[in-house]
Amino acid sequence: MSITTHASAGPIETAIREKLTAALNPTVLKISNDSWQHRHHAAMRAIGSDGSGETHFSVQIVASAFQSKTTIQRHRMIHNALRDEFDGGLHSLSLQTKTAEEIEQTEQSRDGV
């Protein structure tokens with residue numbers, strides 16, 4: 001399993017990691033706090049975010065739980081798992097959701113197999 005952890009992870013990032021791991025048992029989970037890139041947005045200024053908070057994340061996740069699921073179903077699974085975080089200030093997730101088979105197919109296509 002490849003789960004990227006950062007020592008500077010805040011409480012929302014930690015909750016995202018814990019909840020997605022528990023709900024989906026991913027083989028790959030990479031989380032990036034992109035909040036600093038959105039500090040100039042009106043919505044972020046309204047809540048007093050200087051970009052150092054935890055409002056915007058990118059998540060790359062590979063899990064067998066996504067098998068036979070559409071992209072919207074996969075995203076709903078994640079949003080349902082993180083409902084409390086959205087209620088508590090999480091504003092946006094950029095999601096890349098794949099199965100191991102999809103990753104393998106992509107790699108084979110890239111390698112010309």
Side-chain angles (χ1 to χ4, degrees):
M1 178 167 39
S2 170
I3 298 186
T4 305
T5 307
H6 297 288
S8 63
I12 293 178
E13 182 175 344
T14 299
I16 291 170
R17 182 169 283 102
E18 290 172 355
K19 289 183 177 185
L20 293 182
T21 298
L24 301 171
N25 192 29
T27 55
V28 175
L29 177 59
K30 296 179 182 176
I31 302 171
S32 173
N33 184 344
D34 301 331
S35 301
W36 66 273
Q37 295 174 335
H38 301 273
R39 67 188 175 279
H40 63 282
H41 293 179
M44 298 303 97
R45 286 194 311 267
I47 63 171
S49 177
D50 62 0
S52 63
E54 294 184 286
T55 56
H56 293 70
F57 289 88
S58 295
V59 177
Q60 296 176 353
I61 184 167
V62 178
S64 61
F66 296 144
Q67 194 68 43
S68 302
K69 301 279 194 272
T70 65
T71 300
I72 192 71
Q73 289 171 323
R74 295 171 184 195
H75 289 203
R76 284 181 181 152
M77 292 168 72
I78 291 169
H79 280 256
N80 287 337
L82 301 177
R83 186 172 312 277
D84 291 341
E85 286 65 33
F86 278 104
D87 290 344
L90 178 60
H91 182 72
S92 177
L93 290 177
S94 173
L95 300 172
Q96 292 182 357
T97 57
K98 301 285 183 190
T99 64
E101 292 80 13
E102 291 169 334
I103 297 294
E104 186 177 314
Q105 288 173 356
T106 300
E107 289 173 356
Q108 287 176 353
S109 295
R110 186 184 65 228
D111 294 340
V113 177

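Side chains included, hydrogens not; waters and symmetry mates left out as well; all remaining heavy atoms used.
Sequence neighbours left out, not one pair with a member in residues 62-73 passes salt bridge (charged side-chain N to carboxylate O under 4.0 Å, His left out). Pairs passing the salt bridge (charged side-chain N to carboxylate O under 4.0 Å, His left out) check and including a residue from residues 88-106, sequence neighbours excluded, read Arg74-Glu102. Residue pairs that meet the salt bridge (charged side-chain N to carboxylate O under 4.0 Å, His left out) test with at least one member in residues 78-93, sequence neighbours left out, are Lys19-Asp84, Lys19-Glu85. Applying the salt bridge (charged side-chain N to carboxylate O under 4.0 Å, His left out) rule to pairs touching residues 20-29 yields nothing, sequence neighbours excluded. Applying the ring pair (Phe, Tyr, Trp, His ring centres under 6.0 Å) test to residues at least two apart or on different chains, the pairs with a partner in residues 62-81 are His79-Phe86.
Every residue two or more places apart in sequence or in another chain that forms a side-chain hydrogen bond (donor to acceptor under 3.5 Å, both in side chains) with Thr70 is listed here: Gln73. For Ser58, the side-chain hydrogen bond (donor to acceptor under 3.5 Å, both in side chains) test picks out Asp34, with sequence neighbours left out. By the side-chain contact (heavy atoms from CB on, under 4.5 Å) test, Ser92 pairs with His56, sequence neighbours left out.
Within the 3.5 Å criterion, the main-chain N or O of Glu13 finds a donor-acceptor partner in the side chain of Glu54.
In this structure, the side chains of Leu93 and Leu82 come closer than 4.5 Å at one or more pairs of heavy atoms. Under the 4.5 Å side-chain criterion, counting only non-hydrogen atoms from C-beta, Leu24 is in contact with Ile78.
Contact detail for Ser35 and Thr55: the closest heavy-atom pair is OG-N, 2.8 Å. In terms of heavy atoms, Ala63 sits closest to Pro26 at CB-CA, 4.0 Å.
Interatomic distance, CD1 of Ile61 versus NZ of Lys30, reported as 12.5 Å (0.5 Å rounding). Here the CG-CG distance, from Asn25 to Leu20, works out to 11.5 Å after rounding to the nearest 0.5 Å.
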Val28 vs Ile103, test: side chain to side chain contact (heavy atoms under 4.5 Å, CB included). Steps then yes/no. CA-CA 11 Å; Val28 175; Ile103 297 294; over 6 Å; no

